[in-house]
Amino acid sequence: MRARFKRYVVCCFAGAAFAATASAQTRYTTVVIDPGHGGFDRGGIPSQRVPEKIMTLDVSLRLKPLLEKAGYKVVMTRNTDVFVPLGARVAMANSYPNAIFVCVHFNSATRSGANGIETYFYSTESAPLAASIHSAVVGGAPSENRGVRRRGYFVLRKTTVPAVLVECGFLTNPTEAQYAQTNAYRQKLAEEIARGILNRPALAARTTYTNRSSRVDVGLQPFLDQRFMRESGTKHRRHKTATKKKSSSTEKKNVSSEEQ
């Protein structure tokens, strides 16, 4: 009788462990896609010819069926050219506790030579997802790797689920803007973002320290800060150093209200 009871207890523990493992594997069942900007908010900088809001929406709409085909429930913060306040986007993401939040953006700078892909995160649990998406997009895009960075943007700081913001290249760079305006390239970006999301082992376990820890390891991420790179064919003299530093500082501050 005692042996039978022990076997029963062991089976119960084994069943509970299996259920816990299965639950961990299927924890994230929803992806909330956030196409940056929209409506009166074009994104980018005032002199920018290619509107960011159109590019982000197109990539996001291409991403949606790829994730649905993989079995995810997909929620869009917007699926047309409308403006959605940042608070509403965050509230939408936070209403799905088993979700991940992916913000799709394109970059811009006053210096046309700036180029490359970069990905942002804020919370500890978001770091592996950021690294996974970044690795996939950089691997499939003919652009420089600007690295994975931790930033306290509103949509990343205020979410209670894993959240990532991916910058899919500079629309102020002639070459990358030309890429972005082709259907094939936008489809490629969507496929690579999906591939990064589908790398399920990259998603860390939920912790009680969401959006609190600043000590995050995102692995080896080569980073080239192009704000301080020289333009090809341009001569730089010592007396221009101060001007250059001021220019780089200006570029760094060219972040739209969408990302604050």
Side-chain angles (χ1 to χ4, degrees), residues 27-45 52-53 56-57 59-60 63 74-78 82-109 116-135 137 146-168 170 193 196-197 202-219 221 223 225 227 249 251-260:
R27 179 186 297 274
Y28 303 101
T29 59
T30 302
V31 179
V32 179
I33 303 175
D34 179 35
H37 311 283
F40 66 82
D41 181 5
R42 295 179 78 251
I45 58 178
E52 182 184 357
K53 65 174 185 175
T56 61
L57 180 59
V59 172
S60 299
L63 175 60
V74 177
V75 177
M76 302 280 291
T77 59
R78 70 180 182 97
V82 296
F83 176 76
V84 180
L86 298 184
R89 299 177 193 237
V90 168
M92 197 177 301
N94 290 344
S95 66
Y96 296 92
N98 294 327
I100 58 175
F101 186 53
V102 179
C103 306
V104 179
H105 282 257
F106 282 82
N107 228 328
S108 61
I117 308 293
E118 57 191 6
T119 305
Y120 295 101
F121 71 96
Y122 183 74
S123 70
T124 302
E125 64 178 355
S126 302
L129 178 61
S132 179
I133 291 177
H134 184 78
S135 176
V137 175
R146 290 175 66 94
V148 178
R149 313 184 197 184
R150 183 176 188 264
R151 290 289 188 275
Y153 297 143
F154 186 92
V155 291
L156 303 181
R157 190 177 72 250
K158 295 296 185 178
T159 47
T160 56
V161 298
V164 168
L165 188 152
V166 56
E167 297 276 8
C168 300
F170 283 75
I193 294 173
I197 294 172
L203 295 177
R206 188 65 53 88
T207 71
T208 56
Y209 298 99
T210 300
N211 290 345
R212 294 183 184 276
S213 176
S214 61
R215 297 182 60 83
V216 179
D217 180 15
V218 295
Q221 293 291 335
F223 170 62
D225 192 339
R227 290 181 294 114
S249 176
E251 178 182 331
K252 185 175 181 180
K253 292 179 181 179
N254 275 317
V255 181
S256 71
S257 60
E258 170 69 28
E259 297 176 350
Q260 297 300 318

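- For the pair Pro35/Thr77, a side-chain contact is recorded, criterion being any heavy-atom separation below 4.5 Å from C-beta on.
- The minimum heavy-atom distance linking Ala130 with Phe121 is given by the pair CB-CB, 3.8 Å.
- The OG atom of Ser108 sits 8.0 Å away from atom CD of Glu167, with the distance rounded to the nearest 0.5 Å.
- The heavy-atom pair separating Ser126 from Ala163 by the smallest distance is OG-N, 2.9 Å.
- When side chains are defined from C-beta on, Val161 does not count as touching Ile100, because their heavy atoms never get closer than 4.5 Å.
- Interatomic distance, CD of Glu52 versus CZ of Phe170, reported as 11.0 Å (0.5 Å rounding).
- Between the CE atom in Met92 and the CE atom in Met76 there is a gap of 10.5 Å [rounded to 0.5 Å].
- Contact between Thr159 and Ala93 at its shortest, heavy atoms only, is CG2-CB, 4.2 Å.
- Residues Val32 and Ala99 approach most closely at CG2-CB, 4.1 Å, considering heavy atoms.
- The heavy-atom pair separating Val90 from Val155 by the smallest distance is CG2-CA, 3.8 Å.
- Rounding to the nearest 0.5 Å gives a distance of 5.5 Å between CG of Leu165 and CG of Leu156.
- For Arg78, the side-chain hydrogen bond (donor to acceptor under 3.5 Å, both in side chains) partners two or more places apart in sequence, or in a different chain, are Thr56.
- At a threshold of 4.5 Å between non-hydrogen side-chain atoms, the residues Cys103 and Phe101 count as touching.
- Under 3.5 Å, the side chains of Thr160 and Asn94 contain a donor-acceptor pair of N or O atoms.
- Note that Arg150 lies in the cation-pi zone of Tyr122, set by a 6.0 Å cut-off to the ring centre and a 45° limit from the axis.
- Using a 4.5 Å heavy-atom cutoff, the side chains of Ile193 and Cys168 are in contact.
- Under the 4.5 Å side-chain criterion, counting only non-hydrogen atoms from C-beta, Asp41 is not in contact with Lys53.
- Within the 4.5 Å cutoff, the side chain of Thr119 has no heavy atoms near those of the Val137 side chain.
- Ala91 pairs by the side-chain contact (heavy atoms from CB on, under 4.5 Å) definition with nothing, not counting sequence neighbours.
- Rounded to the nearest 0.5 angstrom, Arg146 CZ and Asn107 CG are separated by 6.5 Å.
- Classification of the Phe83-Phe40 ring pair by plane angle, with boundaries at 30° and 60°, yields tilted.
- To the nearest 0.5 angstrom, Arg157 atom CZ is 13.5 Å from Arg151 atom CZ.
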